[in-house]
2 protein chains.
Amino acid sequence: MAATVLIVEDEPAILELIAVNLEHAGYETLRAKSAEEAGRLLADILPDLVLLDWMLPGQSGLALARRLRGDARTREMPLIFLTARADEPDKIAGLEAGADDYITKPFSTKELVARIRAVLRRKKPQHGDAPVEISGLRLDPAAHGVTGNGQALSFGPTEFRLLHYLMTHPNRVHSRTQLLDEVWGDHVFIEERTVDVHIRRLRQALAPSGHDALIDTVRGSGYALRAEAAAMSRG
Amino acid sequence: MAATVLIVEDEPAILELIAVNLEHAGYETLRAKSAEEAGRLLADILPDLVLLDWMLPGQSGLALARRLRGDARTREMPLIFLTARADEPDKIAGLEAGADDYITKPFSTKELVARIRAVLRRKKPQHGDAPVEISGLRLDPAAHGVTGNGQALSFGPTEFRLLHYLMTHPNRVHSRTQLLDEVWGDHVFIEERTVDVHIRRLRQALAPSGHDALIDTVRGSGYALRAEAAAMSRG
DNA sequence: GCCGGAGGTTACGGTTTCGTTACAGCCGGA
DNA sequence: TCCGGCTGTAACGAAACCGTAACCTCCGGC
């Protein structure tokens, strides 16, 4: 039940300092030294909160924030900026980008923990990391693991997110457009047929345990993951 | 059903380019070459979304945006800015004026369509159709599934729409013309006998659970789906 | 019983949609 | 730097689906 915090900070000493303090306060931590590394992490794992340094080598923290807010998966994710610059313009830009709070260095670890607590309290209860199970197929977002009737299955990042979305919205037809919005993110420009290919890859990855049969093609509409309970809902 | 987009753009070539692309993507378009013209149009028609150029002769796009947000009638209308200026200050001013998104020229038509789609989707609190049930026959539009007394039945797209329509309008005779309008769409030209064939296919798909008997042929008039409660109501 | 009309049924060409494969680009790790 | 995994796109073939025509069956009126 411990909340997971992703810390994005290029200075190793500060990164370590923050991480140790947060862990001491009872949080689990993920670490990234650049926006790019954070992006890769976020492709697989959705932390409960992101602590984001403003100045980063390569892509800036602000740019990453914008990317997070442009993606349906991460739009609601709590975000706190961490920066040495106290200038007013930066602050405005940061909040415009959808940050929930803004902490200027130097800061006390007490203040840091207090603000994280406040932001987490303000945000809705997280549901993104609860394990899902349907028809013997079990997906655990936190562990990034899937088992089919006990047998371990492996997926690429996109396949994993696609399966996760389908499993959390079963017995419902999703158009290709919908899936692109929900799984890839609102602001991507991808051919609809690409969804077909990923469905195929997902089915292939599910095949070893036979769970590929769970994914129905609804001709002319899209795809649906069928949980057996719904087919016989009437008694 | 197609969403209507009002395009406000003073450059004729660009206006045309955008309009053609949106129409190709399935949207209906309205065109205005100035903020004033757009204002007159909006007095009569409320489009589903406004695509607004920043720089316009006469009244600026920003001014029009502010006016739209000040009017109760148009306050909730989705609005996307379209501009050649990528400067940060402009962007902030645009978003403060209540724009839902902001696209800088040059842009790809793919991106344009994707963003329009995203904004429209975000604004609409998607109202999923409710399941219908008649005499043990249950149809769930969201799941695109049908069960007859617990047994799963499968249909092609047209059969499904036809059954859906009949189930939501039971105990009523529908002429073939009516069915073509309601199920196929107003503007299609299709032989009336085609309806017969689809009724036949629908009955066949319903046969496994015996629900094919629900569809009555009314000689000389059309077809009707009979809900049992009504069977005794008429003599 | 005969007849005409309406609906039932079947078969078929054409089109759309989907599954599948192949491929090139990107990125990170060795 | 090469290599191997992952991704998005294009292309091709198969299957599903559709609309139409043709033929058959049923029905009522005479």
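Side chains included, hydrogens not; waters and symmetry mates left out as well; all remaining heavy atoms used. Given the structure is predicted, the values throughout are model-derived calculations rather than measurements.
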Original post:
Is any side-chain nitrogen or oxygen of B:Y223 closer than 4.0 Å to OP1 or OP2 of C:dG8?
Top reply: yes

**OP:** Considering just the side-chain nitrogens and oxygens of B:W184, establish if one lies under 4.0 Å of OP1 or OP2 belonging to D:dG19.
**Re:** yes

**OP:** Taking all heavy atoms of A:P141 and all of A:P131, pick out the closest pair and write down the distance.
**Re:** CD-CA, 3.8 Å

**OP:** Give a yes/no on whether any side-chain N or O of B:R219 is located under 4.0 angstrom from OP1 or OP2 of C:dG5.
**Re:** no

Original post:
Counting side-chain heavy atoms from C-beta on, which of C:dG19, C:dT9, D:dA16 comes nearest to B:R193?
Top reply: C:dT9

**OP:** Give me the ring orientation class for A:H144 and A:F160: parallel if the planes are under 30° apart, tilted from 30 to 60°, perpendicular past 60°.
**Re:** parallel

Subject >> Whole-Å distance separating the CG atom of B:D196 from the C1' atom of C:dG5 >> reply: 13 Å

Original post:
If you check every side-chain atom of B:H198, which of D:dC18, C:dG19, C:dG7 has the closest atom?
Top reply: D:dC18

Original post:
B:R200 has a side chain; which of C:dG19, D:dT9, C:dT10 sits nearest to it?
Top reply: C:dT10

Original post:
Taking the side chain of B:V197 as heavy atoms from C-beta outward, which of C:dC18, D:dC6, C:dT10 is closest to it?
Top reply: C:dT10

Original post:
Whole Å only: how far is the CD atom of B:E191 from the P atom of C:dT9?
Top reply: 20 Å

Original post:
A:R176 side chain: which of D:dC18, C:dC18, D:dT20 is closest?
Top reply: C:dC18

Subject >> Interatomic distance, A:E37 CD vs C:dC27 C1' [rounded to whole Å] >> reply: 14 Å

Original post:
Base, sugar-phosphate, or nothing: which does B:T217 touch, judged by heavy atoms less than 4.0 Å apart?
Top reply: sugar-phosphate

**OP:** Figure out the CD1/C1' separation between A:I190 and D:dT7, and round it to whole Å.
**Re:** 9 Å

Subject >> Atom-to-atom span, CZ of B:F160 to C1' of D:dC17 - whole angstrom >> reply: 16 Å

**OP:** Look at all strands and tell whether B:R201 reaches a base, only sugar-phosphate, or nothing, counting heavy atoms closer than 4.0 Å.
**Re:** base

Subject >> Nearest heavy atoms of B:S221 and B:V173, plus distance in Å >> reply: CB-CG1, 3.8 Å

Original post:
Could you give the CG-to-C1' distance, from B:L202 to D:dC18, as a whole number of Å?
Top reply: 15 Å

